[in-house]
Structures are given as structure tokens and as C-alpha cells.
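In what follows, a structure is listed as C-alpha cells, so that the remarks can point back to it.
In what follows, chains carry the letters A, B, and so on, assigned in the order in which the sequence lines appear, proteins first and then strands, with residues in each chain numbered from 1. Atom set for the values below is all heavy atoms of this structure, side chains included, hydrogens, waters and symmetry mates excluded. On a predicted model such as this, the values are computed, not experimentally measured, just so you know.
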Amino acid sequence: MNEDVKVEDLTRPQAAAELERLAALIAAANTAYHQEDSPDISDAAYDALKHRNAAIEARFPDLVRSDSPSEQIGARPAEGFAKVTHSQRMLSLGNAFAAEDVTDFDAGIRKYLGLGPEADLRYTAEPKIDGLSLSLRYEDGRLVQAATRGDGSVGENVTANARTIGDIPQRLSGAPAVLEVRGEVYMSHADFAALNARQAEAGEKTFANPRNAAAGSLRQLDPAITKGRPLRFFAYSWGELSEPLAKTQAEAIERLNSLGFSTNPLTAICNGPEDMLAHYAAIEEQRATLGYDIDGVVYKVNDLALQARLGFRSTTPRWAIAHKFPAELAWTRLEAIDIQVGRTGALSPVARLHPVTVGGVVVSNATLHNEDYIAGRSASGEQIRGGKDIRVGDWVQIYRAGDVIPKVADVDLEKRPPEAMPYVFPTTCPECGSAAVRETGDAVRRCTGGLICPAQAVEKLKHFVSRAAFDIEGLGAKQVEQFYADGWIAEPADIFTLKERYGSGIQQLKNREGWGEKSASNLFAAIEERRKIPLGRLIFALGIRHVGEQVSNLLARHYGTWEAFEAAVREAAPLEGPAWEEMNNIDGVGKVLATSLVTTFAQESERASIDRLVGHLEVQPVAAPKTEGSPVSGKTVVFTGTLEKMTRAEAKARAEALGAKVAGSVSAKTDLLVAGPGAGSKAKKAAELGIETVDEDGWLALIAGI
DNA sequence: AGACCTCGAGTTCA
DNA sequence: CTCGAGGTCT
């Protein structure tokens, strides 16, 4: 009955009735989806219902129902886009905040390239558009795929939507056979305002800022909706190419422009840091009148041959940096300080704020890092707040670090209420009451409750099912919390007995809010699927301190099987002896890490929990590469310089798996030197000794196909 | 021993 | 995304 009434025109009683109606509709749609094979309403219609519900709740927060659809667990998953693996990773950029960071950037590059301060070195400088990056793949001049950045390696296929954007050509003439153009999708201020006006008029939700509007528009499942949204695109980079575009960054951009792409008119060539900073100032001055959002200036080494020499760090290129504009600031009142307990027992203080808009987003929480941060003293120079302590009741200045994480920048002592007392950091865990202690030299205070602490237990379980660990579909953070609260799951092993214990458990699951027969059987199937688990994932899932994803894979590659790994950890328990030495000799594993691993396994309760878990699993070994016929078997290899296609730790592990011995320095015994860019004295020495030297590609070719 | 780099852990909002 | 800290390189 209220369906056609705009959200903002609803009276209170109407809103209450509408929320009731929507709750019933959405619940019915969820049931239909979970219990039958075909949902009864389209995704778009379903989303519209949820949007309307959220909009009304936002306007009448006190009318939010206890059975509100926005709170439901196990609701219909967002119908996703297909995944796309980028042929070349889409990296992010390093950040500069001060002029000094820019001069450091220049100095670092000169040093890396072996150039003096006077040598000619040019950079491009262009505005950093605040939108979302997109990679467009053209084959033989036709647009064949458009993908979002995603996590850098795998993005989402949004080709149909990208085709609706006017700035994106469908066809190119005179382009390389394979051309991946990268750039930014954005919305202008004028278009954003007009869109929001239309949205409001239609009773649809409005967007907080142009960036969200652009992101929301590009990620529409129905391209027809995207087509109606005024999106634009600036090209600024490229991925895979069948032939080079040009010799310099500036010429490449010009080439993209002549192929029909919009490129930013404020792109300039700068000669050194002074020039770069001047251009930065010039762009900042025009910021308000550009008509679209920018959040900084990007500098890139102009010479593409030099870019190639500089290469990449793990997540960022060495030859580019983003010089950010100062973050937007806002003042608000600190209403409370809460303590959260993490997986490792870390007590993290969180500021509860009177909601305030910062950079187009309403913020009501902010991280306070740790005890010292609140106290206003810092071990390692975080002096943004000039040594002022933070008290409940204070007026605090908030900014969003990297435009994401809200932080407290300053405290207004003038406005401090006289009754405000310094915050006393708890020395017991607020969740379980165990002592919370701070190791000397550590910034964090940790709950000592271990598995007794419910917060730690839940966080460990969440970690266990997380994406890089067991990644069980249908068992996310929310479900884990609920199952833990209901006593269904107390430790990881319990996940694998869930079906036995709640056997015809589907019956019981079905009675839960938001669960139907289909989602329950899907969950059990997903759990079954994960009984087979790669060794690296298992080690990571255990959630041992200092043992993250990378280290877990390193350990898995080194030991190969669960049996070998487990035996090694047990034998290393005295923190000495051959097994201990071997572990410490793994590249990337040091004392702190090895101690953490070995002592965790040595704890009776942890140990028992791990044994119970592994009993339910079939751990897949890391395929041991054959060392037979390996061209490097028995040889001594040294790596130097920067490796671009693998980490040093990875390279070493791989070489050892192939039967080579990896040494740290070049000597007469060295058989082969693998030298990446930036190689220095080792390469010189190898040349003097007449030792065979190859670059990274040569090394990869050598070991290929084994 | 110090500089540099990577990884781990924790955090927010849509 | 950022900080802190562990680990390696020079």
C-alpha cells in the first residue's frame, strides 16, 4: 500500500507499517531462495526491497524491527560477477604525504639506478582521480573484457557495464593486437548532483559521494541501469601489450589519447622534485574547480626503460608514487572508549564517536591503536596529537587515514569538560577477566586467557574459516559467532562433526532464522569439500602468532607433508638441536617466529585441539618437485639484486626443492649467480671469479619444465 | 649495526 | 589501509 510513497514522505505510522511489510516480503524471498531451486523474484527486485528497507530504517532508526531484514544472517548472497584473473597484476601505489616524501622518492630512485643528483631524470605528474580503477582488454582493436581491480590479482568481469560508458571506445584502429588499457572510472560533480536528485525523486537511495556513486553504478548487475548513469573514464596506464606503446610515459599517454581515450589534460612532465612539487601546488589550486574529485597527484618516472629497470616491490611499483592531499578533518565528541579483544588476545581500544561526516562518510567509530596512543605518548614518534591524552567527553578531531580508517588526529583541550578523567586502560581482559599483560617493548596489551577467553576463541574460529584459510562457503564470521554462542562449535574440529552431532541436523538448522534446507545442505557439502585441505592453508588456519599466510606457505613448501611438518615442530621443541636449526635456516623464518610456532604446539590444550582437528582431515602435501634431472641439483646458487617474479624466500625454497644449495654470498664454490636489477658487489665479484651469471628470466627458463 | 623490505595483525564502512 | 615488528641485506 505504501509502495509508491517516497521514503522521505512517509509518516511515522506509515513507515512502521512499511517496515513490517518489507520484512515479510524479504523473509518470503529468502525462504523461496533457500528452499527452492529458483527464487521467486529477480535479484534487482530483491535488492530494491532491501534498499528501501534500509532507507526507511535510516530515517526512522527507532522503528528498526527486531526481525529487521538488514540484520538477517544467511540471507541471499549477492549475485556476483564472474571473476577475472588479470594477466598482469593491478598494483596500488606507494604514498607520499609531505614534500619530504617526494624528495625521498626521487633520491631513492637515483640511488637505485646509480644516478647522481645532477643526472637528468624526468617524471610525469598527473591528478589522481578519486574513482575506481578499471582494466580494459582490447584484442585486434575490439573491447573484449573490462575488469575491476579486485585484490589486484583477481577482479570482477564488468564488461557489459563498461560498454555503456561513453568515454570507453568499443573499437580501436591502429592499436596493438593485444592492448590492456587501465584507468579510472569516475563521476563528475555535476552528474553526481543530478543523479542524486533523480534518485531522491524516485525514492531510491542517494549516494554519499561521487566515488560511491561511480562504484555503485559500475557494479550494477543490470547493464541497463549502468547505461543510465553518467560515468566517465580517464586512461592513465596499461597492462599486457603485444608491442610497446612508446618510449616514455608521456608519449604512451598521448598515444592512448590518439587511440580515442580521454586522458587527463593536467598531465605534465617535470624535471626533478622542485618541479613536481610546483605542479602539485598548481593542481591543488585548481582542485575545487575541476568538476570531479581528485585526491592527490601521481608521479611516474617518464622513461619506460627506467621504469622496467626499477621494477616492483611486492605490491607497488618503485617508479611511481601518489602524493596525497591532506586528509579532510572533522570535530566531534568522544562518547566512550571500548576494548575489543582480537584473535591473538590483543586488547584494541575503539573510540565511540558522536556520528560525524568525514570525507563524505558518516563515521561513528575510530581506532585508538593501543594504550600509549590514548595516553598521548608514543614509543616510536607518532606525535600527531602532540602528546595530549584522550579522554571520554573530549572534542576530538577525526580524519580517515588513506581515506579509509578513521583516526583521532587531535584533542581540543579548551573544550575538555572539567570532569573528564584520564582513561585507565584495563589490565584484565574485559571478555574473560584473565590478566592482560604487556611484554616489555611491546605496544599491545594481551589477554592471557588463551582458549578460555571467548573472544579469542571466536576470533580464532573466524580466522579458521576465513578466505585464505578453510574458506568454507556458507560459514562466514556471522555464522561462526552464532554457532559459537549456541554452543554448536567451540573449536575448529567441531566444524567437521557438526553434521554427525546435529545429524539430521538439517532439521535443526532449518529452524534457525534465515536458514532453509537448501542452505543447510549446502553448508554441509561445503564442509565435506574442505576435509581435503592443502598443507599451507591448514598451517595458516591454525592462527599461530607470527605465522601468517606467506610464512605458512613457506613452511608447507619446506616440509612438504603434515607428518614431516608436525614431526619437525615436535623435535624442535627444546629450541635447539638439528630440527630447530633447520627451521631457523628457512629463509623468512627467524627466532621469534620459530619460537612462537614450537611453543604453541608444545602447549597441551593447543596440541590436543590440533590433533582433534587433523583427525578429521586429509591434508594434501605440497607436490615435491623432482630433483632428478634438475639442472641445478647439487649446485650452489646465489641470488642477488631484486627479484620481480618471486620473493627471495620463494626463490630460495624453490631452488632448494630442486636440489640446489642456496648461499648468501659469492665465493669460489658458487656455481651460479642469479642477478636481478640493483645487483651490486656480488655481481662484480662473480664476474671476477668467472662465475656463470643469469638474470631472473634466465633462471626461470633454466628451471622451467621440471 | 643500521637501512630497507615484507609480513602480520588489527580496523571502518558500504 | 597502516603501523609495528621481524628478518635480511649492505
Protein-nucleotide distance (A:Tyr399, atom OH; C:dC1, atom P), rounded to Å: 14 Å
Using 30° and 60° as the class boundaries, would you call the ring planes of A:Phe470 and A:Phe464 parallel, tilted or perpendicular? parallel
Nearest-nucleotide pick for A:Phe97, side chain only, options being B:dC7, C:dT2, B:dA9: C:dT2
Would one find a side-chain N or O of A:Asn95 under 4.0 angstrom from OP1 or OP2 of C:dC1? no
Please state whether the phosphate of B:dG10, meaning OP1 or OP2, lies under 4.0 angstrom from any side-chain nitrogen or oxygen of A:Thr344. yes
Measure from the side chain of A:Lys407, starting at C-beta and using heavy atoms only, and say which of B:dA14, C:dT2, B:dG10 lies closest. C:dT2
Just to confirm, is there a sub-4.0 Å distance from OP1 or OP2 of B:dT11 to any side-chain nitrogen or oxygen of A:Gln340? yes
Roughly how far apart are A:Asn161 CG and A:Glu156 CD, rounded to 0.5 Å? 10.5 Å
Using whole Å, report how far CG of A:Leu554 lies from C1' of C:dT8. 13 Å
Using modelled atom types only, decide if a donor and an acceptor are shared between the side chain of A:Asn209 and the backbone of A:Arg211 within a distance under 3.5 Å. yes
Closest-nucleotide mapping onto DNA chain B: is A:Gly345 or A:Asn365 further toward the 5' terminus? I mean the 5' end. A:Gly345
Is any side-chain nitrogen or oxygen of A:Arg545 closer than 4.0 Å to OP1 or OP2 of B:dA9? no
Just the rounded figure in Å: distance from C1' of C:dT2 to NE2 of A:His369. 8 Å
Around A:Arg219, counting heavy atoms of other residues, nucleotides and ligands shown, do more than 12 lie under 6.0 Å from its CZ? no
Below 4.0 angstrom from OP1 or OP2 of C:dT2, is there any side-chain N or O of A:Thr367? no
Between B:dG8 atom P and A:His463 atom NE2, what is the distance in whole Å? 10 Å
In whole Å, what is the span from the NE2 atom of A:His546 to the P atom of B:dT6? 19 Å
Please list, chain by chain and in numerical order, all residues satisfying side-chain hydrogen bond (donor to acceptor under 3.5 Å, both in side chains) with A:Arg445, sequence neighbours excluded. A:Glu371
Considering only side-chain heavy atoms of A:Ser92, which listed nucleotide, B:dT11, C:dG7, C:dC1, is closest? C:dC1
Taken to the nearest whole Å, CZ/A:Arg467 to C1'/B:dG8 is 17 Å
Nearest to the side chain of A:Leu593, which nucleotide is it out of B:dG8, C:dG7, B:dC13? C:dG7
Does A:Ser364 place a side-chain N or O at less than 4.0 Å from the phosphate oxygens OP1/OP2 of B:dC13? yes
Rounded to the nearest angstrom, tell me the gap between atom CG in A:Asn553 and atom P in B:dG8. 9 Å
Protein-nucleotide distance (A:Arg318, atom CZ; B:dC5, atom C1'), rounded to Å: 9 Å
